[in-house]
There are 2 protein chains.
Amino acid sequence: MLNQSTPLDRAFQALADPSRRAIVERLTRGPASVSELAKPLAMTFPAVMQHLAVLEGAALVASQKIGRVRICRLEASTLDRAEAWLNARRAEWERRFDRLGRYLEELQKEGGDDEARN
Amino acid sequence: MLNQSTPLDRAFQALADPSRRAIVERLTRGPASVSELAKPLAMTFPAVMQHLAVLEGAALVASQKIGRVRICRLEASTLDRAEAWLNARRAEWERRFDRLGRYLEELQKEGGDDEARN
DNA sequence: CGATTGGTTAAGCATATGCTTTTGTATCGC
DNA sequence: GCGATACAAAAGCATATGCTTAACCAATCG
């Protein structure tokens, strides 16, 4: 389990938690302070901070402190990279079905010949 | 940490591991036996089986045993649901930028008026 | 048949995760 | 300055995760 995790590992790992997904969801609608993010979550403030640390560690969220308030914003490009991975899998999957489709079409044609012979 | 995880939790959690992503990647190119999946991975056979159990638990993979061989195949619809979540976030994010864009356009127009007054 | 192949189960262990409470520490509003 | 506010850091704890080894079972194959 030697922790040598890639950016993609960290992104998916971060998104695997419903509280963290809720935070991401909120941040798609614009930046927010930590306490603003904490409000709808049924847990203590430090717990929310730890979730934010995970999200920042995954580069899904960035933040900057202004006065005593920390403003968090979404890092959409990281979300994109996760989506891109899934997209690539789907692309390969669909490519495979195309091939299968063409193969079955070929069978159909040949099958038609067979049927003609009956 | 009371384990009451949603399908999406389990999907993202499953995808957070590089070995499991490698398995998914392999399966997008067609079904495979367990030992076939295990071959490129630098770990013991039981470890691979545990990864497969996680993937099946997340409904990303399904399998059936024929004789003494277990054939695994991708459950693409679950991959789609994960992609759909990310897609929805991006949609909201882009909608927000549209609004921001229109807002800035408005400012531009009004700013033009202001400049005209100078 | 007996050996091999492909998979399964269980136990054990180190580290990671997701919380909590407690205790700070700046900064703002008066 | 002084109390309230917003965050921060640290310690503790229960459970989860990602491996390992060892033992086991059931289909093949020679």
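Not measured: the values here are computed from a predicted model. The chains referred to below are lettered A, B, ... by the order of the sequence lines, with proteins before strands, and numbering in each begins at 1. Just the heavy atoms: all of them, side chains too, but no hydrogens, waters or symmetry mates, feed the values below.
- Rounded to whole angstrom, the span from the CZ atom of A/Phe12 across to the C1' atom of D/dT17 amounts to 19 Å.
- Residue B/Arg70 contributes atom CZ, which lies 4 Å from atom P of C/dT8 at whole-angstrom precision.
- Set against C/dT8, D/dT21, D/dC7, the side chain of B/Thr44 has D/dT21 as its closest nucleotide.
- In this structure, the CZ atom of B/Phe45 is 15 Å from the P atom of D/dC19, given to the nearest Å.
- Side-chain atoms of A/Arg90 do not come within 3.5 Å of backbone N or O of B/Ala76 as any donor-acceptor pair.
- Where A/Gly67 and A/Ser19 each meet DNA chain C at their nearest nucleotide, the meeting point lying more 5' is that of A/Ser19.
- Computed from coordinates, the B/Met49 CE to D/dT20 P distance equals 14 Å when rounded to whole Å.
- A/Asp9 places its CG atom 15 Å from the P atom of D/dT17, with the value rounded to the nearest Å.
- Atom P of nucleotide C/dG6 and atom CG of B/Leu41 are separated by 16 Å, given to the nearest angstrom.
- Taking atom CD on B/Gln64 and atom P on C/dG6, their separation rounds to 18 Å, with Å as the unit.
- Checking the phosphate oxygens (OP1, OP2) of C/dT17, no side-chain nitrogen or oxygen of A/His51 falls inside 4.0 Å.
- Listed nucleotides C/dC19, D/dA8, D/dT28 differ in distance to B/Arg68; the shortest reach to its side chain belongs to D/dT28.
- Side-chain N/O atoms of B/Gln13 and base N/O atoms of C/dT17 include no donor-acceptor pair closer than 3.5 Å.
- Checked for salt-bridge contact, A/Arg89 and B/Glu25 meet the test: a charged N lies under 4.0 Å from a carboxylate O.
- Side-chain contact check for B/Phe45 versus B/Val34: some heavy-atom pair is nearer than 4.5 Å.
- Looking at heavy-atom distances under 4.0 Å, A/Ser35 makes contact with sugar-phosphate atoms alone, never a base.
- Among the nucleotides D/dC7, C/dT22, C/dG18, the one closest to any side-chain atom of A/Pro46 is C/dT22.
- Between B/Arg95 and B/Glu92 a salt bridge is recorded (basic side-chain N to carboxylate O distance below 4.0 Å).
- Annotation: of the two residues near DNA chain C, B/Val34 and B/Gln50, the 5′-most nearest-nucleotide partner is B/Val34.
- In this structure, the side chains of A/Arg70 and A/Gln64 stay at 4.5 Å or more apart for every pair of heavy atoms.
- Rounded to whole Å, atom P of C/dG6 lies 12 Å from atom NZ of B/Lys65.
- In this structure, A/Met43 reaches the sugar-phosphate backbone alone: every heavy-atom distance under 4.0 Å involves primed, P, OP1 or OP2 atoms, never a base.
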